[in-house]
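Numbers restart at 1 for each chain; the letters A, B, ... are given by sequence-line order, proteins then strands.
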Amino acid sequence: MSCWETIQAYAFRSLGYGERLLPRGDFTLCQHFTLIGSGLIWNIYFGLLALIAGFLLANVLAVGKASPRAWIAKPADWFILVFRGSPLFIQFFLAYFIFLELKNAGILPWLTSAWSGALVVLFLNTAAYSGEIFYGALKSVPKGEVEAADAYGMAGWTRFKRVIWPTQMRLAWPAYTNEAIFLFHATTLVFLSGFPAQRQQGDALYYAQYFADKTFNPFVPYPILAFYFVLVTLVLIFLMGLINKRLNRHLPQATRTRVRFRPVLMR
Amino acid sequence: MFEFCSDPAALDTMRWFACFFTTGKHQLFYWSFVTVLVLLAITAPTALAFGFGGAMAARSPVAPLRWFGKGYISVVRGVPDIAFFLFFVIALDQGFEWLRHQAFCPDWTDAIRQGNDFIVCAEAKMPLSTAPQWVHEVYGFFLAVLTFAIVFGAFAANVLYGAMNAVPLGQVEAAEAYGMTPRQAFWRITVPQMWVYALPGLSNLWMVLIKATPLLFLLGVEDIVYWARELGATVLPRFSDYPHGDWRLYYFLFLLVFYLAFTRVSEKVLARITVRLSRGQATLGAT
């Protein structure tokens with residue numbers, strides 16, 4: 001089988017299209033690259049959707065945690081505490097068994113499959129981590145800016161939308177970029193935890209592990225996986241850098257904060 | 001465990017649970033918590049040592065050593081840690097067996113990698129196929145510790161590298177003005193002062209390390225996740241005196257609470273250490 005045929009057969013294998021059987025022997029480098037790349041579709045799917053949905057919830061959580069009313073602040077605080085204080089791996093397992101119970105009760109039976117259930121967990125998890133980042137940024141919005149907004153007669157929603165939120169995002173963005181990168185790294189856990197890979201449709205790590213198990217040679221599939229993830233990381237840094245540039249566009253050149261990959265947080 | 005446990009089917013709820021939670025398998029479950037704590041106790045200092053070595057290498061005036069240090073830090077951090085765990089467990093095992101193979105069977109002529117097999121002579125097997133079960137378990141645990149240390153060593157190296165550079169340059173210059181060699185200045189001035197700068201990063205790393213311990217399950221160690229799955233799964237009356245339905249949800253809920261408590265306690269302790277270490281330092285947090 002030529003490399004082009006392999007790509008045709010396996011490029012969308014992780015979604016269930018193409019050849020049904022995975023390669024069994026005489027593994028070529030082309031098969032490694034195609035299948036692991038095919039699995040990467042799932043990582044990008046999980047990462048992107050969880051990132052977008054998590055961003056929205058994180059904003060709500062950050063404002064909630066900063067609220068002076070205890071009945072709003074406490075639940076937000078507890079939510080962040082639970083999701084940041086426990087391992088994502090355990091959260092996946094626990095969520096899967098909860099979804100299983102729900103399925104037995106006839107509620108939302110589709111949540112037990114990875115495409116939805118794992119996405120929900122990742123969404124809640126990243127919302128908690130980013131919520132904490134946004135909360136920290138909200139607390140460090142300069143007082144003078146808020147006072148200036150007051151002086152202009154802005155209040156409530158207008159003040160938040162026009163003054164506080166843009167500065168909050170600007171301050172949080174470098175840390176949030178790291179969180180986004182780690183979210184993509186965390187997507188590799190999905191098929192190793194409770195969620196089953198149906199009909200061998202898994203993510204990049206699932207296929208890398210498949211090759212490593214079959215060939216008993218970890219030195220080929222894992223570096224390929226690493227290559228793909230470094231690529232994803234670079235693209236992500238580039239995109240987040242563009243947003244960062246826009247958030248900082250009103251500042252003089254020298255004071256702008258640059259996005260740098262500085263991973264200090266991890267799950 | 002208790003005398004009244006001889007006929008579980010006839011017991012009332014309280015006693016049934018008292019018997020159920022003291023079965024042999026449950027005791028293994030409790031011991032696996034000790035496994036996790038032992039892993040943390042061994043891994044944390046080992047990773048710190050790896051990190052110290054990595055940071056020193058990254059600061060080295062010798063270029064190849066510096067490249068190695070910086071490469072180690074950035075490669076391990078740029079790739080999902082789970083991939084590294086899965087990779088190192090096999091790679092280290094094969095590496096050890098290959099080294100032993102070279103040492104013990106020099107006149108072995110066949111290739112080690114034959115197609116999809118990795119074949120070394122019988123004397124080079126790690127552990128030997130005649131070794132008792134506990135040797136296999138200890139070896140698996142040892143591989144897991146080493147893997148954790150390599151991965152978290154890179155993170156620690158990053159933190160310590162930053163901390164070493166954060167020590168005010170004037171301190172080192174003053175040391176040199178007193179006639180200390182660079183080596184003396186490093187050990188007597190930089191190292192004692194860097195900890196307070198390293199502490200926030202190291203605290204964070206400790207939390208991350210705690211939260212990474214369930215990944216032991218993926219490395220083939222019979223840890224708390226393994227036993228929670230085993231014990232929680234549905235048990236039919238045919239196979240056990242204690243039949244029950246699918247209780248995995250409750251077992252994992254227990255694990256979640258365990259980790260929450262663990263991270264919470266760690267947070268408090270680390271806050272105290274920070275206060276203690278800041279004493280007498282020229283920083284804002286000092287008292």
Side-chain angles (χ1 to χ4, degrees), chain A residues 24-27 43 81-101 104 181-182 184-189 192-194 204-205 208-209 211-219 221-223 225-230 232-234 261-267, chain B residues 74-84 86-94 113 115-118 152 155 158-159 162 200-201 204-205 207-215 217-218 224-225 228-229 232 246-253 255-264 266-267:
Chain A
R24 288 173 170 259
D26 299 328
F27 302 97
N43 294 100
L81 199 78
V82 167
F83 277 94
R84 289 186 72 223
S86 61
L88 178 65
F89 196 51
I90 301 285
Q91 290 166 21
F92 271 130
F93 271 113
L94 190 60
Y96 179 68
F97 297 130
I98 291 174
F99 294 150
L100 218 55
E101 296 276 309
N104 290 341
I181 291 166
F182 273 119
F184 273 89
H185 287 185
T187 54
T188 50
L189 268 179
L192 293 175
S193 58
L205 185 61
Q209 212 187 1
F211 283 121
D213 285 350
K214 290 280 180 220
T215 61
F216 210 57
N217 180 1
F219 297 98
Y222 289 120
L225 178 81
F227 163 77
Y228 275 124
F229 267 94
V230 167
V232 168
T233 306
L234 289 178
F261 182 37
R262 223 182 292 131
V264 285
L265 280 160
M266 194 166 72
R267 290 172 177 81
Chain B
S74 47
V75 166
V76 175
R77 290 186 319 155
V79 178
D81 49 339
I82 308 105
F84 262 99
L86 296 177
F87 169 76
F88 272 121
V89 160
I90 314 177
L92 284 174
D93 187 36
Q94 292 188 350
R113 271 196 203 288
N116 292 336
D117 287 315
F118 182 85
F152 284 93
F155 284 86
N158 185 40
V159 171
N204 186 19
L205 200 58
M207 302 300 230
V208 172
L209 186 60
I210 293 177
K211 287 187 268 174
T213 48
L215 299 179
F217 170 67
L218 299 177
I224 47 182
V225 176
R229 268 165 57 112
D246 189 352
W247 286 356
R248 285 179 295 186
L249 174 59
Y250 307 106
Y251 277 90
F252 275 94
L253 204 59
L255 290 190
L256 189 85
V257 171
F258 166 72
Y259 276 108
L260 278 179
F262 199 2
T263 48
R264 197 90 186 118
S266 299
E267 225 170 21

Review point. How about B:F217 and A:F93: do any of their side-chain heavy atoms sit closer than 4.5 Å?
Key: yes

Practice item. If the plane angle is over 60° it's perpendicular, under 30° parallel, otherwise tilted; pick one for B:F252 and A:F97. Key: tilted

**Study point:** Pairing residues for B:F258 by the side chain to side chain contact (heavy atoms under 4.5 Å, CB included) criterion, not counting sequence neighbours
**Key:** B:F33, B:I224, B:F262

Review point. Going through the distances and angles, do A:F89 and B:L218 end up as a side chain to side chain contact (heavy atoms under 4.5 Å, CB included)?
Key: CA-CA 10 Å; A:F89 196 51; B:L218 299 177; 4.0 Å; yes

Check your understanding: Picking from A:F229, A:Y96, A:F184, A:Y222, which has the most non-hydrogen pairs under 4.5 angstrom with chain B?
Key -> A:Y222

**Study point:** Closest contact, heavy atoms only, B:L253 versus A:L94
**Key:** N-CD1, 3.4 Å

Point to revise | Nearest atoms (heavy-atom pairs only) where A:A212 meets B:I90 | key: CB-CD1, 4.4 Å

Study note, to complete from the structure: Turns out that what part of A:L100 lies under 4.5 Å from chain B's heavy atoms comes down to side chain

Exercise for review: Could you pull out the closest heavy-atom pair between A:H185 and B:I82, with the gap in Å?
Suggested key: O-CD1, 4.0 Å

Practice item. Give, for atom CZ of A:F216 and atom CG of B:D93, the distance between the pair rounded to the nearest 0.5 Å. Key: 6.5 Å

Check your understanding: Can you tell which of B:V79, B:V225, B:V75 has the highest number of heavy-atom pairs within less than 4.5 Å of chain A?
Key -> B:V79

Point to revise | Student check: side-chain heavy atoms of A:L189 and B:L215 closer than 4.5 Å | key: yes

Review point. Is it the backbone or the side chain of A:A226 that comes under 4.5 Å from a heavy atom of chain B, or both, or neither?
Key: both

Exercise for review: Tell me, for A:V82 versus chain B, whether the close heavy atoms (under 4.5 Å) come from the side chain, the backbone, both or neither.
Suggested key: both

Exercise for review: Could you tell me which non-hydrogen atom of B:L260 sits nearest to which non-hydrogen atom of A:L81, and how far apart they are?
Suggested key: CD2-O, 3.7 Å

Review point. For B:Y250, does the OH atom have more than 12 heavy-atom neighbours from other residues, nucleotides or ligands under 6.0 Å away?
Key: no

Review point. Is it the side chain or the backbone of B:F88 that comes within 4.5 Å of chain A heavy atoms, both, or neither?
Key: neither

Exercise for review: Please report the shortest heavy-atom distance between B:K211 and A:R84, naming the atom on each side.
Suggested key: NZ-O, 2.7 Å

Practice item. Grab the two heavy atoms, one from A:F219 and one from B:A91, that are nearest each other, plus how far apart they are. Key: CZ-CB, 3.7 Å

Check your understanding: By a 4.5 Å heavy-atom criterion (distance strictly below it), what part of A:L192 contacts chain B: side chain, backbone, both, or neither?
Key -> both

**Study point:** chain A contact via B:E267 - side chain, backbone, both or neither, heavy atoms under 4.5 Å
**Key:** neither

**Study point:** Portion of B:L256 that has a non-hydrogen atom of chain A nearer than 4.5 angstrom
**Key:** both

Point to revise | Residues forming a side chain to side chain contact (heavy atoms under 4.5 Å, CB included) with B:V76, sequence neighbours excluded | key: B:Y72, B:F84, B:V151, B:A154

